[in-house]
Amino acid sequence: MNFLGALLGTLLASVGLMFIFLYTNLLTMGYSFWDFVKFISKRFECLLFLFGIVILLLSLERSIKNVLLLRRSSKFRN
């Protein structure tokens, strides 16, 4: 699950970030920054970025715990 979760999270985050960058053209058409934030927060394509980040964090959580556990039980600690 770790590899597939990381792959899926990366894919969703990159697609969502691509749409956020595409929608920045609204700023040149007269939208204020807060109108832009309200607009992208309601679009499903842009919410894919947040879903991707959450999936990435969940898939990497286990490996982060293992690294911290290995650091704590190291033989070479002073």
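As the structure is a computational prediction, the values presented were derived from the model and not from experiment. In what follows, every heavy atom counts, from backbone to side chain, and hydrogens, waters and symmetry copies are set aside.
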Ala13 and Phe49 have their tightest heavy-atom pair at O-CD1, 3.3 Å
Salt bridge (charged side-chain N to carboxylate O under 4.0 Å, His left out): pairs with one or both residues in residues 31-47, sequence neighbours excluded: Arg43-Glu45
Please name all residues satisfying side chain to side chain donor-acceptor pair (under 3.5 Å) with Ser41, sequence neighbours left out, ordered by chain then number. none
From Phe39 atom CZ to Leu27 atom CG, the distance as rounded to the nearest 0.5 Å: 11.0 Å
Distance from Leu50 atom CG to Leu17 atom CG, nearest 0.5 Å? 10.5 Å
Quick one, Leu8 and Leu4 - any side-chain contact, counting heavy atoms below 4.5 Å? no
Can you tell if the side chain of Leu48 reaches within under 4.5 Å of the side chain of Phe19, non-hydrogen atoms only? no
Shortest non-hydrogen pair, Ala6 vs Ser59, comes out as N-OG, 3.4 Å
Just verifying a value: how many Å separate Leu7 CG and Ile55 CD1, rounded to the nearest 0.5 Å? 11.0 Å
Ile40 versus Tyr23, closest heavy-atom pair with distance: CG2-CB, 4.1 Å
If you round to the nearest 0.5 Å, how far is OH of Tyr31 from CG of Asn25? 12.0 Å
